[in-house]
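Indexing begins at 1, ligand by ligand and atom by atom, following the structure's order.
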Amino acid sequence: MATNNHIPLVDLQVQYDGMRAEIDNAIQRVIDNSSFIMGPEVQDFEAAFARYLGVSEAIGVASGSAALQLALLACGIGPGDEVITTPHTFFATAEAISQVGATPVFADIQADTYNLDPELVENAITPHTRAIIPVHLYGQPADMLEIMAVARRHGLKVIEDAAQAHGATHYGRRAGGIGDLACFSFFPSKNLGCYGDGGMVTTDDPDLAARLRRLRDHGRTGKYEHAEVGWGARLDALQAAILSAKLRHLDEWNDGRRAAAARYNALLAGCDVVTPAERSYNCHVYYCYVIRTPKRDGLFEELAARGIGAGIHYPIPLHLQPAYKPLGLLPGAFPVSEAAADSVLSLPMYPEITPEQQSIVAAAIKAFVG
Ligand SMILES: *Cc1c(COP(=O)(O)O)cnc(C)c1O
């Protein structure tokens with residue numbers, strides 16, 4: 001039961017309260033213009049997001065999952081092809097690979113950042129490998145320069161899953177502007193989230209961009225002319241208008257998340273939990289603030305009993321998901337991912353979380369873990 005000191009995992013209401021007029025005006029503008037599908041709101045947001053990332057092309061789509069599927073299709077990936085990714089991610093990353101008819105091949109992660117290990121990626125390459133999907137998990141970029149080098153040596157495409165990393169940087173470059181393509185989700189809880197489903201594919205390649213613009217809209221080349229079989233997977237104008245308003249606040253929100261992460265680090269120093277590792281060349285945007293402890297399950301229950309919303313991202317590695325039983329992978333195949341799945345815990349994290357709320361969370365952790 002929620003108590004009066006209830007601290008949620010994510011608080012979207014407090015963000016809306018801080019920008020109610022901007023959001024309401026954006027929604028009203030779309031309704032007044034009766035321009036709900038494609039049109040200027042979508043174009044304006046695509047242009048603003050591309051500018052923000054420093055890429056030339058941004059293609060709005062229906063969700064982060066649609067972004068991943070369309071990016072793979074745009075690269076011509078399908079049956080018989082293999083795509084390497086991490087087992088420690090949200091299911092949609094590998095699901096997209098399966099949906100285009102290709103086979104996900106997993107490589108294990110680094111124990112401290114939870115991101116793909118570039119050396120293990122290289123070991124997983126076969127003659128069927130076509131692409132790599134690194135995930136910038138929890139808001140910290142994967143080791144992209146090394147992954148790009150591996151990809152270039154073997155002639156592979158790199159599709160960034162940047163669904164958790166809006167605004168993060170790697171050697172000063174924005175996540176989502178480093179690979180051949182990148183996929184974003186605007187699911188409400190993401191660092192940049194809309195009020196429903198939304199997504200984006202970004203690239204510097206005009207040919208891939210043109211293909212993606214067709215694929216998201218029924219393969220259309222004219223109102224009733226279809227060059228190929230595509231999808232109904234457009235970003236809707238209401239979400240684009242909301243996202244344009246929110247994008248102006250993204251850096252300030254990410255600064256809030258980073259300040260909150262620094263406070264948790266200080267509060268939890270000396271406590272018997274592992275706090276997040278941030279590489280010196282990365283700017284981590286803390287979609288999730290994730291600690292590790294062997295007492296994870298008990299701690300999760302204890303926090304819940306105190307009205308504190310923790311999360312587990314993610315409890316079952318993808319190679320051990322029932323849906324991937326046909327891949328024939330057994331426990332022990334990816335030990336670093338399996339250990340992470342058993343011990344990670346996400347603490348309440350949003351830009352507006354207060355030092356007082358964080359002190360309550362840290363005190364509860366210390367009382368349980370020691
Ligand atoms: C959220 C998320 C997705 C899926 O995005 P949707 O917009 O929910 O379809 C894909 N990959 C990762 C890593 C995510 O966090």
| query | Is any N or O atom of G64, backbone or side chain, closer than 3.5 Å to an N or O atom of ligand 1? | reply | yes
| task | Report the nearest protein non-hydrogen atom to atom 15 (O) of ligand 1: residue, atom name, distance rounded to 0.1 Å. | result | Q164 NE2, 2.8 Å
| message | Out of the candidates R211, R216, R220, only one should pair with E228 under the salt bridge (Lys or Arg N to Asp or Glu O under 4.0 Å) rule; please name it. | response | R211
| Option among Y324, F334, F91 that satisfies the ring-ring contact (aromatic ring centres under 6.0 Å, His included) test with H319 | F334
| query | Is any NZ, NE, NH1 or NH2 atom of the basic residue among R213 and E46 found under 4.0 Å from an Asp or Glu carboxylate oxygen of the other? | reply | yes
| Who's the nearest protein heavy-atom neighbour of atom 7 (O) of ligand 1, and how far? | S185 OG, 2.6 Å
| query | Can you check whether Y286 and Y350 have ring centres sitting under 6.0 Å from each other? | reply | no
| said: I need the contact type for L137 against ligand 1. Using non-hydrogen atoms and a strict under-4.0 Å cut-off, is it side chain, backbone, both or neither? | reply: neither
| request: Determine whether the aromatic ring centres of Y289 and Y138 lie less than 6.0 Å apart. | output: no
| remark: A student checking ligand 1 against V135 at a 4.0 Å heavy-atom cut-off should list atoms 13 (C)
| query | Purely on distance, is any nitrogen or oxygen of K190 under 3.5 Å from one on ligand 1? | reply | yes
| Do Q321 and Y314 have a side chain donor and acceptor closer than 3.5 Å? | no
| request: Using a strict 4.0 Å cut-off to heavy atoms of T93, name the atoms of ligand 1 that fall inside it. | output: 11 (N)
| query | Do other residues, nucleotides or ligands put more than 12 heavy atoms under 6.0 Å from D272 CG? | reply | no
| Closest approach of any protein heavy atom to atom 4 (C) of ligand 1, naming residue and atom | S65 OG, 3.7 Å
| request: Kindly indicate whether the side chain of S343, heavy atoms from C-beta on, has any atom under 4.5 Å from the side chain of T293. | output: no
| query | In terms of atom number and element, which parts of ligand 1 are under 4.0 angstrom from non-hydrogen atoms of T89? | reply | 13 (C)
| field | Residue and atom name of the nearest protein heavy atom (relative to atom 11 (N) of ligand 1), distance in Å to one decimal | value | D161 OD2, 2.8 Å
| query | What protein heavy atom sits nearest atom 8 (O) of ligand 1, and how far away is it? | reply | F187 CD1, 3.8 Å
